[in-house]
Structures are given as C-alpha cells and as structure tokens.
Amino acid sequence: MLILLPPSETKRSGGEAVPLNWSLLAHPGLNVKRRVLARALVALARHPEAARAALKLGRTQLFEIDRNRELLSSPTLAVIDRYTGVLFDGLDAGTLSVAQRDFAHAHLVVHSALLGPLAALDPIPAYRLSHDSRVPNVTVANHTLKQHWSADIQKLLGQTGGLLLDLRSEAYVALGARPVRPESFYLRVVADGGDGQKRALNHFNKKSKGEFTRALLEHEHDFASAAELIDWAGSVGIRLEHGAPGELELVVEQHLASAGRAASSTIYNGVKLGA
C-alpha cells in the first residue's frame with residue numbers, strides 16, 4: 001500500500017543541525033531534477049523583490065525568502081514533522097509510536113513541489129515553493145513546475161504495485177499523475193447531506209485526509225486491495241465507498257455551526273471502535 005499526500009505551504013522551523021543530504025532522500029533517480037530546482041530557488045532568494053513576486057508572498061511572509069536562501073545549509077526535520085497546517089494537524093505525526101513512524105516511512109509519500117515525492121522520514125529543510133511558482137532558470141517562459149516534474153513523477157508512480165491511495169490536491173496530481181490500473185485510486189472527501197446526496201467537502205477536506213491517514217498509520221496494516229481496506233474501514237466506523245471509476249469516497253459526518261458550537265467534522269460515523 002502506498003499513500004500519497006500533498007505538502008503544506010506552512011512548515012515548522014528548526015530541526016537537527018544536519019543540512020540537506022541528497023543521498024538520504026527516497027527515489028534518488030529524482031536527485032538531478034531536485035538539485036537543479038533547489039539551486040535555482042537559492043539563487044532567486046538573493047533577489048528579494050523578484051523572489052517575493054515569484055513566490056506570491058505577502059509582506060508578513062518575507063521570512064520565507066530567508067528560508068530559501070539557506071535551504072542547502074539549514075537544519076532538517078523528517079518530512080511528516082516538517083509540514084504543518086490542517087492536514088498535518090490531523091495526522092499529528094509527533095504522537096505516533098516508533099513502529100507507526102516506521103510504517104509511515106514504508107507506506108507514506110508526501111509530494112513536494114521542490115523535492116518531488118518524499119518518504120515520511122526523509123530529512124528536509126524548511127522552504128517555500130508552491131505547485132504554481134515560477135522559478136527563473138527552471139520555469140522560464142512557458143516552462144512550469146508541471147513540465148519540470150510530471151514525466152519523471154508519472155514514470156515513478158507507474159512503477160508502483162499494490163494498493164495506491166492518492167490523497168493529493170488536484171494541483172499536485174497535475175505535477176505527476178498516478179497510474180491508471182486496478183487498485184490505484186484517487187480519494188475524494190464528501191459529506192452526506194442527509195438527503196441521500198453526497199457533497200464535496202471543502203472546509204474540512206484537509207482535516208479529514210489527515211485523520212484518515214492517521215487511522216491507517218495507527219492500524220499498521222499493508223492493505224492489498226480496496227475491498228480489504230473498505231472492510232476494515234467499516235469495522236472501525238469509517239465510511240469508505242467506491243465512487244466514480246478510479247475513485248474512493250471518504251464520507252464524513254459534518255456538523256454545522258450552531259449557538260455556542262463551531263462547525264466540525266469527523267471521519268468516524270458514530271462511536272470510534274477499536275482497530
């Protein structure tokens with residue numbers, strides 16, 4: 001089983017006083033493309049106004065330029081500890097056991113715009129680069145990050161076997177599509193409106209993906225098929241169903257805001273059962 005996650009724009013600072021080591025990253029066949037993009041991003045950071053425009057930064061985000069300038073020498077953290085934000089809050093990697101983190105390293109990939117697909121415990125620095133950023137000397141003219149990455153990442157993912165769960169946003173899917181084959185699925189998060197109609201979940205979409213990934217890592221089982229995964233999900237109170245061809249739907253409970261209570265959602269339908 002392979003779980004694909006998108007990255008987050010926000011990242012935790014600090015880490016081990018060990019700089020980026022290309023040989024420690026998963027999928028070393030991508031290292032040439034990684035180095036080209038990293039060097040270009042460092043060079044861009046030497047020109048703050050150009051960097052601000054290229055990265056679409058507001059005035060309160062200018063510290064991100066310093067991060068990029070230092071990314072080849074700054075401290076590193078494991079991928080699942082580096083990223084923050086709603087999805088990674090739901091994942092809550094800091095409270096996983098050692099065994100669960102090892103399982104994550106074997107079965108979880110986070111798709112970075114800068115470094116491509118990364119294993120969960122790969123050590124990386126803090127940086128700023130979005131899927132739609134344009135970096136001089138890499139994304140000149142009409143050459144985008146999609147063109148920089150898509151062929152290599154599509155080839156890499158095409159070599160995978162077994163169950164593949166793609167939880168990436170569509171923007172990151174465009175940087176390298178999953179293979180179209182049996183047991184390769186895009187996971188869509190939806191809410192049951194109570195009228196029999198399922199609706200796309202926007203506000204709690206990332207939170208639900210993080211919670212679902214957390215549940216998979218806690219269970220520590222290498223599911224071989226969607227059928228096996230769906231059976232397990234039902235046993236722990238998670239509603240997971242087949243959707244459109246090549247898609248699975250994670251159906252969440254959504255509670256609208258009311259007097260004295262904020263809106264909320266949960267991937268568990270009813271009481272959470274033991275895994």
Just do the side-chain contact (heavy atoms from CB on, under 4.5 Å) check on Y186 and L4 with the steps written out, would you?
CA-CA 9 Å; Y186 182 78; L4 288 175; over 6 Å; no
Can you check side-chain contact (heavy atoms from CB on, under 4.5 Å) on D166 and F185, steps first, answer last?
CA-CA 6 Å; D166 191 348; F185 296 95; over 6 Å; no
Between R67 and Y127, is the side-chain contact (heavy atoms from CB on, under 4.5 Å) condition met? List the steps.
CA-CA 5 Å; R67 280 181 165 181; Y127 68 90; 5.7 Å; no
Please report the C-alpha distance between L91 and Y83 in whole Å, then the side-chain angles of each, then the deciding distance to 0.1 Å, and finally whether the side-chain contact (heavy atoms from CB on, under 4.5 Å) criterion is met.
CA-CA 10 Å; L91 172 58; Y83 293 107; over 6 Å; no
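Between R239 and the choices V252, V251, I267, the side-chain contact (heavy atoms from CB on, under 4.5 Å) rule is met once, by V251.
To the nearest 0.5 Å, atoms CG (L167) and CG (L248) are separated by 9.5 Å. Distance CZ/F88 to NZ/K206: 10.0 Å, rounded to 0.5 Å. Note that CD of E9 is 9.5 Å distant from CG of L55, once rounded to the nearest 0.5 Å. One distance of note links CG of L5 with OG of S169; it measures 10.5 Å at 0.5 Å rounding. Atom CG of L175 sits about 9.5 Å away from atom OG of S112, to the nearest 0.5 Å. Distance check: L240 CG to L187 CG gives 6.5 Å after rounding to the nearest 0.5 Å.
The aromatic ring centroids of H219 and W232 lie less than 6.0 Å from each other.
Electrostatic pairing of R188 and E170 counts as a salt bridge here, judged by a charged N lying under 4.0 Å from a carboxylate O. The pair K155-D152 does not count as a salt bridge, with every side-chain nitrogen at least 4.0 angstrom from each carboxylate oxygen.
Here the closest non-hydrogen pair linking A215 and I238 is CB-CD1, 4.1 Å. Minimum heavy-atom separation, L62 to R59: CG-O, 3.4 Å. Closest approach of L37 and A113 over heavy atoms only: CD2-O, 3.4 Å. Residues V135 and L44 come closest through the heavy atom pair CG1-CD2, 4.5 Å. Between L25 and P123, the shortest heavy-atom contact is CD2-O, 3.8 Å. The heavy-atom pair separating Q61 from G58 by the smallest distance is OE1-N, 2.7 Å.
One hydrophobic cluster, built from ILVMFWY side chains closer than 4.5 Å, cannot hold both V173 and L250; they sit in different ones. Both L145 and V36 belong to a single network of hydrophobic side chains, linked directly or stepwise wherever heavy atoms of I, L, V, M, F, W or Y lie under 4.5 Å apart. Transitive grouping of hydrophobic side chains (ILVMFWY, heavy atoms separated by less than 4.5 Å) keeps L72 and L77 in distinct clusters. Cluster membership for L57 and F63, using ILVMFWY side-chain heavy atoms within less than 4.5 angstrom, is not shared. No path of Ile, Leu, Val, Met, Phe, Trp and Tyr side chains, each step under 4.5 Å between heavy atoms, connects V86 with L217, placing them in separate hydrophobic clusters.
A donor atom on one side chain and an acceptor atom on the other are found under 3.5 Å apart for T95 and R214.
Here the side chain of S184 pairs no donor or acceptor atom with the backbone of V180 at under 3.5 angstrom. For R39 (side chain) and R34 (main-chain N/O), no donor-acceptor pair under 3.5 Å exists by modelled atom type. The closest donor-acceptor contact from the side chain of R69 to the backbone of V42 lies at 3.5 Å or more, if one exists at all. R181 places a side-chain N or O within 3.5 Å of a backbone atom of G162 that can act as its donor or acceptor partner. At least one donor-acceptor pair closer than 3.5 Å links the side chain of Q147 to the backbone N or O of T144. Put simply, the side chain of Q100 never gets that close to the backbone of E220: no donor and acceptor are under 3.5 Å apart. T266 contributes no side-chain N or O that, together with a main-chain N or O of E253, makes up a donor-acceptor pair within less than 3.5 Å. No side-chain donor-acceptor contact under 3.5 Å links N68 to the backbone of L41. A donor-acceptor pair is defined here as one N or O able to donate and one able to accept, closer than 3.5 Å; such a pair exists between the side chain of S74 and the backbone of E70. Here the side chain of R168 pairs no donor or acceptor atom with the backbone of H111 at under 3.5 angstrom.
Looking at I80 and L121, their side chains come closer than 4.5 Å, going by heavy atoms from C-beta outward. Within the 4.5 Å cutoff, side-chain heavy atoms of L30 are placed close to those of P117. The side-chain heavy atoms of I153 and K33, taken from C-beta on, include no pair separated by under 4.5 Å. For the pair I65/R52, a side-chain contact is recorded, criterion being any heavy-atom separation below 4.5 Å from C-beta on. At least one side-chain heavy atom of F103 sits less than 4.5 Å from a side-chain heavy atom of M1. The closest side-chain heavy-atom distance from L165 to L216 is below 4.5 Å. When side chains are defined from C-beta on, H242 counts as touching I230, because their heavy atoms get closer than 4.5 Å. Between W22 and V32 the shortest side-chain heavy-atom distance does not fall below 4.5 Å.
No more than 12 heavy atoms of other residues, nucleotides or ligands lie within 6.0 Å of CD in E16, so this atom counts as exposed by the packing criterion. The environment of K146 atom NZ is sparse: at most 12 non-hydrogen atoms of other residues, nucleotides or ligands sit within 6.0 angstrom.
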